[in-house]
Protein chains: 2
Amino acid sequence: MNQSTSPAPSRRSDATRKAILDAARERFATDGYDRATIRAIAKDAGIDPSMVMRYYGNKEGLFAAAVAIDLHLPDPASLTRDDVGRALVTHFLGMWEKNEVLTALLRVGATNQAGAERMRGIFGDQLLPVARRVCPDPEQASARAALVSAQLLGLALTRYVLRFPPAVDLAPEEVVAWLAPTVQRYLTAPHPA
Amino acid sequence: MNQSTSPAPSRRSDATRKAILDAARERFATDGYDRATIRAIAKDAGIDPSMVMRYYGNKEGLFAAAVAIDLHLPDPASLTRDDVGRALVTHFLGMWEKNEVLTALLRVGATNQAGAERMRGIFGDQLLPVARRVCPDPEQASARAALVSAQLLGLALTRYVLRFPPAVDLAPEEVVAWLAPTVQRYLTAPHPA
DNA sequence: GTTGTAGGCCAACAAGTGTTGACATCCATG
DNA sequence: CATGGATGTCAACACTTGTTGGCCTACAAC
């Protein structure tokens with residue numbers, strides 16, 4: 001996957017490692033940090049709990065490995081100022097639908113300090129450059145990025161975590177149609193004071 | 001507090017009961033359901049863990065009692081169609097700032113089935129009538145209420161749970177200025193399809 | 001074929017959990 | 001004063017948790 005950081009060790013246990021990570025992501029996404037027990041994850045992966053410890057050290061290490069992911073935000077330079085809202089909402093919706101990593105991260109972040117910090121890092125580091133590029137006043141960039149985060153994470157919360165039925169039932173295109181103007185306004189409109 | 005449903009028993013243990021509930025709310029709000037242990041709550045309240053069981057049956061009962069609250073949403077009939085956005089945002093912000101009940105509810109709802117359902121009930125039951133009253137097409141009321149929930153809960157999530165610094169630093173008036181138009185649009189603007 | 005090492009399982013530990021029952025103590029009522 | 005229920009403490013229960021170390025097995029290198 002990432003040849004530059006790891007020289008492709010290709011161990012014999014790679015299948016097991018992957019099974020553990022997959023099971024961990026699913027458990028963290030549905031149960032949160034505390035109720036996702038190592039025993040349950042190991043059982044899902046079809047191996048012994050002690051293997052989890054051997055490969056990931058401890059539960060924190062397992063969680064860190066399970067949610068080590070990149071948002072792959074579009075390059076800020078490639079965004080046109082007028083379409084940034086729609087582009088962001090579409091991209092984020094795709095990321096949430098693709099797999100359970102972000103759901104796991106959000107659910108854990110709600111009760112776990114490390115999870116919250118990781119969420120903060122991801123959204124801060126990735127969204128801030130976009131905001132800095134397109135928003136009128138650079139000093140407001142972080143506040144505007146926070147507003148965008150609030151809107152995007154709020155949708156994810158109601159749709160993927162709390163599962164409000166009307167939020168779950170919204171078609172992706174409808175979500176984009178409603179949210180894109182909001183995000184666009186938070187990023188590029190003049191301060192409403 | 002509520003004379004119509006309970007004839008003011010005024011037991012000798014009322015102070016203890018209140019201490020337990022206060023400690024429980026604080027623990028649930030900061031730690032979530034699983035890590036808010038009965039022992040820790042009892043210690044905060046300065047009494048024995050067994051008292052919690054005696055007065056609230058079990059942990060679920062304690063949680064239910066701790067988050068039994070009313071949003072006190074303004075009467076839909078009293079809302080003017082053009083100010084509903086600002087009125088809702090202002091009201092919700094006040095509720096979140098007032099005490100930790102909603103923070104506890106949100107944090108627990110992220111990992112606990114009962115908590116999520118309670119959150120769903122509160123926002124569904126209280127926001128839907130407002131949406132039904134002010135939105136143009138009654139069939140879209142639930143979808144529009146969900147969008148409003150997403151925006152409001154997203155702000156609460158980033159500000160009170162994940163504590164993104166720029167979201168925490170926003171002044172209340174600024175939050176209202178930014179979010180009110182969004183909520184207003186979700187409720188009263190024509191469908192953007 | 002021997003051997004070293006990685007993969008895997010099993011049993012156990014120490015700590016912490018919700019929960020329970022037995023016992024002490026206060027206080028209002030008879 | 002006596003008495004009974006409410007208030008409170010203490011110790012323990014059964015269970016689950018993360019984590020550890022010992023042991024067995026397969027496989028690749030020599």
Side-chain angles (χ1 to χ4, degrees), chain A residues 6-67 104 107-108 111-115, chain B residues 6-67 104 107-108 111-115:
Chain A
S6 69
S10 177
R11 290 149 300 196
R12 188 155 43 103
S13 59
D14 281 352
T16 301
R17 293 176 127 94
K18 175 167 163 37
I20 293 175
L21 276 193
D22 288 344
R25 275 191 268 264
E26 188 167 336
R27 283 285 177 177
F28 282 131
T30 61
D31 292 343
Y33 191 82
D34 295 294
R35 295 183 38 212
T37 68
I38 289 187
R39 282 173 163 85
I41 293 169
K43 192 171 191 176
D44 290 354
I47 46 93
D48 190 87
S50 61
M51 303 302 298
V52 179
M53 309 303 295
R54 190 196 297 257
Y55 292 141
Y56 297 100
N58 54 27
K59 192 176 182 180
E60 280 188 35
L62 172 63
F63 174 71
V67 299
R107 204 160 239 149
V108 171
T111 44
N112 183 277
Q113 184 66 26
Chain B
S6 68
S10 177
R11 291 149 297 195
R12 187 156 42 102
S13 59
D14 281 350
T16 300
R17 295 178 127 93
K18 174 166 163 39
I20 293 176
L21 277 193
D22 287 345
R25 275 191 268 262
E26 189 166 336
R27 284 284 178 178
F28 282 131
T30 60
D31 293 343
Y33 190 82
D34 294 295
R35 296 182 37 210
T37 68
I38 290 187
R39 282 173 164 85
I41 293 170
K43 192 170 192 176
D44 289 354
I47 45 95
D48 192 86
S50 61
M51 301 302 298
V52 179
M53 310 302 297
R54 191 197 299 264
Y55 291 141
Y56 298 100
N58 52 26
K59 192 175 180 179
E60 280 187 36
L62 171 64
F63 174 71
V67 299
R107 205 159 236 150
V108 171
T111 45
N112 184 277
Q113 185 64 26

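Reminder, nothing fancy here: chain letters follow the sequence lines and each chain counts from 1.
In this structure, the CZ atom of B/R35 is 13 Å from the P atom of D/dG18, given to the nearest Å. The interatomic distance linking A/R27 (CZ) with D/dT17 (P) rounds to 10 Å, in whole Å. Rounded to an integer number of Å, the gap from A/I20 CD1 to C/dG7 P is 11 Å. Taking atom CD1 of residue A/I38 and atom P of nucleotide D/dT20, one finds them 10 Å apart after rounding to whole Å. C/dG18 atom C1' lies 12 Å from atom CG of B/L62, rounded to whole Å. Between the CG atom of A/D14 and the P atom of C/dG8 there is a distance of 10 Å, rounded to whole Å. Between A/D31 atom CG and D/dT17 atom P the separation is 11 Å, expressed in whole Å. Straight-line distance from the NZ atom of A/K59 to the C1' atom of D/dT17: 8 Å, rounded to whole Å.
Remark: A/Y55 is not in phosphate contact with C/dA6, judged by side-chain N or O atoms under 4.0 Å from OP1 or OP2. Residue B/T16 places at least one side-chain N or O closer than 4.0 Å to OP1 or OP2 of D/dG8.
Comparing C/dG7, D/dG5, D/dT19 against the side chain of A/M51 picks out C/dG7 as the nearest. The side chain of B/M53 approaches C/dT19 more closely than any other nucleotide in the set C/dC9, C/dT19, D/dG18. Out of D/dT9, C/dG7, D/dG18, the shortest distance to the side chain of A/R11 is found at C/dG7.
Two residues are said to be in side-chain contact when any heavy atoms from C-beta on lie closer than 4.5 Å; A/Y55 and A/I20 meet this criterion.
Contacts of A/N58 with the nucleic acid, taken as non-hydrogen atoms under 4.0 Å apart, involve only primed sugar atoms and P, OP1 or OP2. Contacts of B/S50 with the nucleic acid, taken as non-hydrogen atoms under 4.0 Å apart, include base atoms.
A donor-acceptor contact under 3.5 Å is formed by the side chain of A/R54 with the base of C/dG8. One donor-acceptor pair, N or O on each side, does fall under 3.5 Å between the base of C/dG18 and the side chain of B/R39.
Where A/D34 and B/R17 meet DNA chain D, the nucleotide closest to each residue was compared, and B/R17 sits on the side nearer the 5' end.
Between the side chain of B/K59 and the main chain of B/A36, a donor-acceptor pair closer than 3.5 Å is present.
Classified by interplanar angle (parallel below 30°, tilted 30° to 60°, perpendicular above 60°), the ring pair A/F28/A/Y33 is parallel.
When all heavy atoms of B/V52 and B/A42 are compared, the pair lying nearest together is CG2-CB, 4.2 Å.
A search for side chain to side chain contact (heavy atoms under 4.5 Å, CB included) contacts involving A/A40 returns A/R27, A/T37, not counting sequence neighbours.
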